[in-house]
Structure formats: C-alpha cells, structure tokens
Amino acid sequence: MHPIMRCRTKFGQENVIASDIKKPTIEQRSTGPFVYADVLNYRALEQIVVDYGIDWVVHFSAILSAAGERNPALGLNVNINGFQNVLELAKAHRLRLLSPSTMGAFGPTTPKDETPDLTIMRPNTIYGISKIHMELLGEYYCEKYGVDFRSLRYPGIISADSPPGGGTTDYAVDIFHAALK
C-alpha cells in the first residue's frame with residue numbers, strides 16, 4: 001500500500017494532505033486532499049500549512065542519486081534549499097518533521113559490516129552529500145530551536161507501484177517494470 005494511503009487509513013482520509021510538484025493522477029485526487037507544492041517556494045508552502053492546519057510534515061522531496069548526478073545544481077537546490085524551507089516552516093509553525101535519509105549518506109569508505117550510526121560518512125553523490133546536510137541541520141534545529149525532527153536512513157527501496165525516479169535502485173526497478181510489460 002502506498003504510504004499516503006497507509007497514512008489516510010490510519011489518520012483519516014481528509015487528515016492527510018498529499019502534495020507534489022506534478023499534476024495529480026485521478027486516483028490521487030479521488031482518495032483525499034491533494035495540493036500542488038513547490039518545496040522551493042517558502043510562501044506557498046507556508047500558505048498550505050496555514051490553510052490546512054498542518055502539524056506534521058513527511059518530507060520526501062528530493063532529487064535522487066542518478067538524477068542529481070545528471071543535474072547537480074538542481075539536486076543541490078531542491079535537496080538543500082527545499083529542505084531548508086521545510087525546516088524553517090517546522091520551526092516557525094511548530095511542525096513535527098520526518099525527512100527520510102538514505103544509505104547514500106555513507107559512501108565507499110564507510111565500514112560495510114555492522115555499520116554504526118556514527119561512522120565515516122564521505123558520500124560521493126550530490127544526493128548523499130545533501131542527505132548528510134539534512135541529517136545534521138535537522139539535528140541542529142532540534143537542539144537549538146526545539147524542532148521535532150526525525151530521520152531514518154533507508155536502504156535502496158524497490159517498489160512495484162512506483163516507476164524509476166532517478167535513484168540508485170532504478171536499474172532493478174526498471175527490470176521489474178520491463179518484465180511486467
């Protein structure tokens with residue numbers, strides 16, 4: 001089940017506001033509220049927070065590994081400035097914020113067996129670098145301003161529901177989608 005649908009099942013269909021920078025599908029529009037949101041537009045994001053009475057944000061906006069390497073400037077802009085906008089909104093409006101991280105935050109010199117949370121983190125992609133930035137800045141805002149910030153480092157995720165989106169696992173996802181066709 002898609003994470004938005006899972007949240008709507010748990011918290012109520014009208015209590016979970018889905019958003020994207022892309023036009024919603026018919027299914028997305030039919031299952032609950034959907035708003036257009038550009039993570040780079042602070043004022044528009046703030047308007048959504050105020051208009052909908054939002055108190056939790058699950059921040060998935062990111063330019064993933066492969067796409068970030070093709071366009072580093074866009075990756076840095078969306079992943080760092082976009083996250084900064086969401087973090088500032090969390091601070092200003094006392095929002096709870098979950099922003100997932102990635103195994104891409106580690107890098108080739110990180111110990112591969114029983115990798116601890118606090119270890120060598122020298123990523124070699126814009127995506128990984130921006131996720132370290134996100135983790136550290138979120139921790140800073142938590143300590144300095146009391147922002148309820150959470151993050152989890154996810155491994156590569158393969159989904160039957162989502163087409164390839166520019167991440168490191170896209171090759172495997174593409175194989176499965178091609179096989180289905």
Side-chain angles (χ1 to χ4, degrees), residues 1-11 16 18-20 39 55-91 94-180:
M1 179 183 295
H2 192 277
I4 292 170
M5 293 308 300
R6 187 167 305 208
C7 288
R8 285 180 172 164
T9 300
K10 183 172 183 172
F11 299 110
V16 176
S19 67
D20 204 328
V39 74
D55 54 7
W56 286 54
V57 173
V58 179
H59 174 69
F60 281 115
S61 289
I63 303 298
L64 301 177
S65 295
E69 293 308 300
R70 283 192 302 273
N71 189 343
L74 178 65
L76 289 170
N77 195 22
V78 170
N79 297 358
I80 291 181
N81 296 328
F83 175 71
Q84 181 69 40
N85 283 339
V86 174
L87 195 54
E88 284 293 329
L89 282 171
K91 176 183 159 193
R94 308 301 301 164
L95 307 176
R96 297 172 83 180
L97 174 58
L98 169 65
S99 187
S101 192
T102 173
M103 66 182 182
F106 292 115
T109 58
T110 301
K112 293 178 182 20
D113 294 321
E114 299 183 33
T115 306
D117 284 336
L118 298 175
T119 189
I120 298 165
M121 297 175 73
R122 302 287 297 172
N124 55 5
T125 65
I126 291 296
Y127 181 61
I129 292 164
S130 67
K131 286 302 184 173
I132 288 177
H133 174 270
M134 179 269 304
E135 290 180 20
L136 293 174
L137 199 60
E139 186 178 319
Y140 175 82
Y141 269 62
C142 179
E143 291 172 9
K144 179 111 175 145
Y145 304 115
V147 172
D148 186 347
F149 171 79
R150 314 290 172 97
S151 187
L152 297 169
R153 286 189 197 127
Y154 286 103
I157 297 175
I158 297 175
S159 170
D161 299 325
S162 300
T168 56
T169 57
D170 279 354
Y171 179 70
V173 173
D174 192 43
I175 289 170
F176 293 126
H177 282 273
L180 290 172

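Nothing fancy with the numbering, it's 1 onward along the sequence. Computed from a predicted model, the values in this text were never measured in an experiment.
For residues 118-130, every residue pair satisfying the side chain to side chain donor-acceptor pair (under 3.5 Å) rule, not counting sequence neighbours, is listed here: N79-S130. Counting only residues at least two apart or on different chains, the salt bridge (charged side-chain N to carboxylate O under 4.0 Å, His left out) pairs with a member in residues 137-151 are R96-D148, D148-R150.
Summarising the geometry, atom OG belonging to S151 is positioned 8.5 Å from atom CG belonging to L97; distances are rounded to the nearest 0.5 Å. Separation of atoms NZ (K131) and OG (S65) is listed at 10.0 Å; rounding is to 0.5 Å. Distance check, rounded to the nearest 0.5 Å: CZ of F106 to OG of S101 gives 8.0 Å. Between the CD1 atom of I126 and the CG atom of N71 there is a distance of 10.0 Å, given to the nearest 0.5 Å.
The two atoms that bring G104 and P123 nearest to each other are O-CB, 3.2 Å, heavy atoms only. A pairwise comparison of heavy atoms in T115 and P111 identifies OG1-O, 2.5 Å as the closest pair. Heavy atoms only, all atoms of each residue included: I80 and H133 are closest at CG2-CE1, 3.5 Å.
Panel note: side chain T110, backbone I120; a donor-acceptor pair is recorded below 3.5 Å.
Annotation: side chain of R153 is in contact with side chain of E135 (closest heavy-atom distance under 4.5 Å).
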Pairs under 3.5 angstrom only: tabulate donor-acceptor contacts from the side chains of residues 83-91 to other protein residues two or more places apart or in another chain.
{"residue": "Q84", "atom": "NE2", "partner": "E88", "partner atom": "OE2", "Å": "3.2"}
{"residue": "Q84", "atom": "NE2", "partner": "Y141", "partner atom": "OH", "Å": "3.0"}
{"residue": "N85", "atom": "ND2", "partner": "V39", "partner atom": "O", "Å": "2.9"}
{"residue": "N85", "atom": "ND2", "partner": "L40", "partner atom": "O", "Å": "3.4"}
{"residue": "E88", "atom": "OE2", "partner": "Y141", "partner atom": "OH", "Å": "2.3"}

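The aromatic rings of Y145 and Y140 sit perpendicular to each other, their planes meeting at more than 60°, with 30° as the lower class boundary.
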Residue pair H59, M134: steps toward the side-chain contact (heavy atoms from CB on, under 4.5 Å) verdict: CA-CA 11 Å; H59 174 69; M134 179 269 304; 5.8 Å; no
